[in-house]
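Heads up, the thing below is written out as structure tokens.
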Amino acid sequence: MVRHCGSTITILLILVQTVFALGTDDQEKVRVHFAVLPLSSQTAQQTLYYTQEGKPEVSDAIELSLNPRERSDYYFYNGINPMPVFIKEKNEEGVTELSPVYQVNFANSGGRWLIMLEAPPQDPTLRPYGSHCMPYDESRFPEGSLLFFNTTGANFYGILGENQVTIQPGANQPIDISEYYEDEIAVGLVVKDGDQIHKVLVSKMSFYPDRRTLMILRPPKRSGSYRIQAQRITEYMGKFDSNDSGA
């Protein structure tokens, strides 16, 4: 009886582990469309690849277009999550292999996404390199809006035109900027450090119809500075018009 009970428990454990493994496989695979944006010219100097299933097979390598001034066109990916992004390296035998340098995690399957890639660290052997990923569907980021993506770990507070804003880490909610079309408005952000307040961004911006604007907030260039970096990406969503002052 004891042996029988032990065998039953063993079989049940195997069944549970098998079901769990199947469930994990389902959760680890995604089907998405994604675009890529390097966050610096140094990042864009890399030659990066991905593969359809995320496997390091050189014959399946698809090169990614990297332009620090605008996002790439969309790619389709059907494979493991996180998605590895590779470089080509030669192994000890001189054979070219794909080596993962970024690991991009999609929060869920489906839809369109924007991947933002940080520059390699001073020691490029420290992998994976930094990356960010956000939903990029028009339903989540519509025409006529401004969306702040905060790559720092700090909360920022300030003004956008006549409105007060709070910018949290990661992707924030899009802000309707249609009331500001073709007007130059002030943008000012501060960070609170205990009882002290430090200015982190002071600028002026103009907006035009048929567009959406992504403002990427990045850490200061210099250690000890509070002035953050701001990278603006404006996408024209309408039909091209050479007479459009904002085209």
Side-chain angles (χ1 to χ4, degrees), residues 28-58 60-89 96-137 140-141 146-154 167-172 201 212-222 228-235:
E28 289 180 348
K29 292 184 178 180
V30 292
R31 293 170 56 89
V32 296
H33 290 85
F34 71 92
V36 182
L37 176 68
L39 294 182
S40 70
S41 57
Q42 183 184 359
T43 311
Q45 290 170 3
Q46 302 177 100
T47 304
L48 301 175
Y49 305 85
Y50 85 104
T51 61
Q52 264 310 325
E53 296 184 358
K55 297 178 180 179
E57 298 179 359
V58 175
D60 293 336
I62 301 169
E63 184 175 345
L64 297 171
S65 175
L66 302 175
N67 184 339
R69 292 180 295 277
E70 63 182 12
R71 67 164 175 82
S72 70
D73 290 334
Y74 285 101
Y75 300 90
F76 175 70
Y77 175 67
N78 177 21
I80 59 173
N81 189 31
M83 179 188 77
V85 176
F86 304 97
I87 59 171
K88 287 184 178 179
E89 293 182 319
T96 299
E97 296 181 332
L98 291 182
S99 300
V101 288
Y102 293 93
Q103 292 284 345
V104 180
N105 185 59
F106 299 98
N108 50 63
S109 186
R112 295 191 172 193
W113 299 77
L114 178 66
I115 296 172
M116 291 163 278
L117 301 176
E118 296 280 359
Q122 291 185 344
D123 181 356
T125 63
L126 297 176
R127 301 173 180 177
Y129 307 157
S131 64
H132 313 274
C133 187
M134 64 172 283
Y136 219 58
D137 290 317
R140 302 281 293 274
F141 181 20
L146 165 68
L147 191 151
F148 285 95
F149 190 93
N150 181 2
T151 68
T152 79
I167 310 300
Q168 299 175 333
N172 287 254
L201 179 67
R212 63 180 182 181
T213 300
L214 175 65
M215 182 68 77
I216 304 169
L217 304 181
R218 305 181 61 208
K221 281 187 177 180
R222 300 191 312 275
I228 61 174
Q229 304 174 75
Q231 184 174 352
R232 175 176 176 169
I233 304 295
T234 299
E235 293 189 10

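For the numbers below, each heavy atom of this structure counts, side chains included, while hydrogens, waters and symmetry mates do not. For reference, positions follow the sequence shown, starting with 1.
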Problem - Pairs touching residues 33-49 that satisfy salt bridge (Lys or Arg N to Asp or Glu O under 4.0 Å), sequence neighbours left out - result: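 Counting only pairs at least two positions apart or across chains, no salt bridge (Lys or Arg N to Asp or Glu O under 4.0 Å) contact touches residues 33-49.
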
Residues in salt bridge (Lys or Arg N to Asp or Glu O under 4.0 Å) with [X], at least two apart?
X     : value
Arg31 : none
Lys88 : none
Glu97 : none

Identify, with sequence neighbours excluded, every residue that meets side chain to side chain donor-acceptor pair (under 3.5 Å) alongside [X].
X      : answer
Ser40  : Thr43
Glu118 : His132, Arg218
Thr151 : none

Who passes side-chain contact (heavy atoms from CB on, under 4.5 Å) against [X], sequence neighbours left out?
X      : result
Asn108 : Trp113
Thr51  : Asp60, Phe86, Leu98
Gln52  : Tyr50, Ile62, Phe76, Asn78
Pro220 : Ser225, Ile228

Practice task
Return the minimal non-hydrogen interatomic distance between Gln46 and Pro120, and the atom names on each side.
Solution key: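 In terms of heavy atoms, the two residues are closest at OE1-CG, 3.3 Å.
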
Exercise for the section: Please collect all side-chain hydrogen bond (donor to acceptor under 3.5 Å, both in side chains) contacts where either partner lies in residues 67-77, sequence neighbours excluded, each pair once. Expected result: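 Those involving residues 67-77 are Arg71-Glu235.
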
